[in-house]
Amino acid sequence: MMSQMPQQAAPAKCPSCAEPLESGDLFCGACGYDLSAVPAAPQDHPTLTMGASGVGPSGVDWPPPEPESSETPAAPHLPTDLPGTDSGGRQLPGSPPHGSPVSPASGVRFDRTPEPDDDYALQAPDPRVAASAAESAESAGASGSVESAGPAKVCVACRAGRVDDDGYCENCGHAQPRERDHMEQESGPVAAVSDRGLRHHRNEDAFTVGRAVLPDGTPALLAIVCDGVSSATRPDEASMAASRAASEALLAALPQGTHPQAALHEAIVAASQAVNALAEEPPSAREHAPHQNAPACTIVGSIVTSGLLVVGWVGDSRAYWVPVDPGTPAVRLTEDDSWAAQMVAAGLMSEAEAYADERAHAITGWLGADAYELEPHTASFKPDRPGVVVVCTDGLWNYAETAEEMSEVVPADAVQRPLHAARVLVGHALDGGGHDNVTVALLPFPAPPQGAGSA
């Protein structure tokens with residue numbers, strides 16, 4: 001049995017720059033100040049680490065041959081054939097055979113802080129309220145009713161005080177959301193929303209969405225979602241670096257005719273290298289901060305074309321398939337790299353028992369220099385009906401864990417209004433408690449023709 005190593009509790013604010021800190025932080029995420037020698041009152045529930053045919057316009061043959069690598073198998077199939085297997089029908093890498101004994105991985109991270117016993121007096125704004133306010137302001141501007149100077153900025157917490165130039169409310173003193181606290185992006189029919197949540201002092205999730213044109217002129221939609229590992233150094237930087245590197249790799253590979261499944265596999269490798277690079281620092285830096293560990297994050301991504309749906313992942317961020325037809329069951333397309341998933345796969349626990357255990361969210365796979373082995377999982381499918389792919393972090397699926405639950409909260413018009421649907425899903429997580437950062441991206445299947453976008 002592995003022993004738990006609780007981290008020293010961090011002070012409420014960084015002594016150097018006054019940045020708010022979370023329980024278990026060994027350094028300041030804003031300025032890097034070493035907190036190991038700073039006395040602080042203990043806080044509840046610290047984050048723990050346990051153990052160590054044709055030629056397209058570009059002249060490239062398309063479609064390309066199916067990948068031959070064992071890591072990116074061919075023979076796409078229907079999502080209903082998935083559970084526990086890759087696209088070639090073989091068991092997913094890293095998942096033990098059913099019935100075999102399983103011991104926890106030699107290196108396991110907790111990627112979710114248990115929820116505190118008390119609620120904060122002030123909470124972050126609901127993104128749906130912010131979106132409504134933005135739309136109202138935009139409409140007012142279009143009608144010419146807004147003065148050139150603009151109205152004073154109102155506090156998102158007390159809804160009454162004026163926000164001064166340094167970003168704090170003059171009435172209640174609440175700091176206003178930073179740019180990364182709530183992010184939205186829409187790229188044609190693909191959209192994503194990320195929110196800090198109601199308990200974390202910063203957003204450690206990141207995403208990218210985009211479109212590419214395949215050699216035959218048809219579109220490919222893509223989305224990458226990353227979740228920073230809270231017990232690691234600079235998790236917000238890790239997730240951002242990984243999402244950008246993966247997206248850049250896909251946007252370069254897909255137009256050249258690389259098979260989408262092979263492209264996603266290589267994109268995850270590129271993301272891993274980008275996160276590893278964050279750990280490369282001069283020896284002097286390690287001397288000043290000896291307790292720092294390597295930045296780390298999870299990753300999940302999806303590529304959708306006119307006839308193919310591809311997913312790839314490392315960690316416990318997930319992808320779901322939700323058909324437009326409500327009479328067709330939804331399917332979870334990924335299998336977590338987590339302690340709970342290992343217990344279920346081994347037949348040692350039921351899913352309900354495993355996810356009720358305090359070790360459930362200990363992840364056994366991640367991107368980072370201290371990951372023991374990189375094993376990107378990829379799978380491809382050919383759904384026989386239209387639907388939407390939901391790509392998200394556990395900040396969302398903790399509140400809609402099963403495929404059936406996820407299908408119930410995805411709006412019926414998600415294909416036509418992806419950004420609105422993403423906002424609704426983030427709002428669902430906030431209504432449920434918002435105990436973690438929340439990020440979700442939506443991609444329609446099949447990818448609509450060039451020029452077609454969301455309503």
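All residue numbers refer to positions in the sequence shown, counting from 1. Note that the coordinates shown come from a computational prediction; the quantities given were computed from them, not determined experimentally.
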Query raised in the report: Under the criterion side-chain contact (heavy atoms from CB on, under 4.5 Å), which of V390, L222, L443, V225 is the partner of S302?
Result: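 That would be L443.
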Requested in this report: Test V388 against every option in V324, V304, V415, D413 by the side-chain contact (heavy atoms from CB on, under 4.5 Å) rule and name the one that passes.
Outcome: V415
With a 4.5 Å limit on heavy-atom distance, are the side chains of [X] and [Y] in contact?
{"X": "E237", "Y": "P295", "result": "no"}
{"X": "V331", "Y": "P329", "result": "no"}
{"X": "W321", "Y": "L309", "result": "yes"}
{"X": "D436", "Y": "H200", "result": "yes"}
{"X": "P418", "Y": "E186", "result": "yes"}
{"X": "D195", "Y": "M183", "result": "no"}
{"X": "R196", "Y": "V438", "result": "no"}
{"X": "L221", "Y": "I303", "result": "no"}

Report task. Can you label the angle between the H435 ring and the Y399 ring as parallel, tilted or perpendicular, going by 30° and 60°? Result -> tilted
Requested in this report: Go through the steps to decide whether T218 and V213 satisfy the test side-chain contact (heavy atoms from CB on, under 4.5 Å), and finish with yes or no.
Outcome: CA-CA 6 Å; T218 60; V213 179; over 6 Å; no
Side chain [X], main chain [Y], donor-acceptor under 3.5 Å:
{"X": "S338", "Y": "A341", "result": "yes"}
{"X": "E353", "Y": "S350", "result": "yes"}
{"X": "Y372", "Y": "G365", "result": "no"}
{"X": "R202", "Y": "R180", "result": "no"}
{"X": "D316", "Y": "I363", "result": "no"}

Atom [atom1] in [X], atom [atom2] in [Y]: separation rounded to 0.5 Å?
{"X": "T298", "Y": "D394", "atom1": "OG1", "atom2": "CG", "answer": "7.5 Å"}
{"X": "H428", "Y": "D431", "atom1": "NE2", "atom2": "CG", "answer": "8.0 Å"}
{"X": "R234", "Y": "L278", "atom1": "CZ", "atom2": "CG", "answer": "5.5 Å"}
{"X": "H201", "Y": "D181", "atom1": "NE2", "atom2": "CG", "answer": "10.0 Å"}
{"X": "W366", "Y": "S231", "atom1": "CH2", "atom2": "OG", "answer": "8.5 Å"}
{"X": "L419", "Y": "L442", "atom1": "CG", "atom2": "CG", "answer": "9.0 Å"}

Requested in this report: Under the side chain to side chain donor-acceptor pair (under 3.5 Å) rule, collect the residues that match up with T402, sequence neighbours excluded.
Outcome: E405
Requested in this report: Quick one: list whatever passes side chain to side chain donor-acceptor pair (under 3.5 Å) with S407, sequence neighbours left out.
Outcome: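 Partners of S407 under the side chain to side chain donor-acceptor pair (under 3.5 Å) test: none.
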Please give me the minimum heavy-atom distance between [X] and [Y], naming the atom from each residue.
{"X": "A212", "Y": "L251", "result": "CB-CD2, 4.2 Å"}
{"X": "A238", "Y": "C297", "result": "O-SG, 3.7 Å"}
{"X": "N203", "Y": "D236", "result": "O-CB, 3.9 Å"}
{"X": "P219", "Y": "L214", "result": "O-CD1, 4.3 Å"}
{"X": "D205", "Y": "G228", "result": "OD1-N, 4.3 Å"}
{"X": "L367", "Y": "A242", "result": "CD1-CB, 4.2 Å"}

Strictly by modelled atom types, are [X] and [Y] linked by a side-chain donor-acceptor pair under 3.5 Å?
{"X": "D337", "Y": "H377", "result": "yes"}
{"X": "T208", "Y": "R244", "result": "no"}
{"X": "D227", "Y": "S317", "result": "no"}
{"X": "E204", "Y": "S239", "result": "no"}
{"X": "D336", "Y": "Y355", "result": "yes"}

Requested in this report: Tell me whether the centres of the aromatic rings in H265 and W313 are closer together than 6.0 Å.
Outcome: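 No.
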Query raised in the report: Step by step, would you call R385 with T328 a side-chain contact (heavy atoms from CB on, under 4.5 Å)?
Result: CA-CA 9 Å; R385 64 201 65 201; T328 303; 2.8 Å; yes
Query raised in the report: Any salt bridge between R423 and E184, counting N to O under 4.0 Å?
Result: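 E184 and R423: salt-bridged.
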**Report entry** Trace of the side-chain contact (heavy atoms from CB on, under 4.5 Å) decision for F207 with I224
**Finding:** CA-CA 5 Å; F207 70 83; I224 299 292; over 6 Å; no
Report task. Applying side-chain contact (heavy atoms from CB on, under 4.5 Å), run through E335 and R332 and close with a yes or a no. Result -> CA-CA 8 Å; E335 188 71 29; R332 198 177 96 195; 3.7 Å; yes
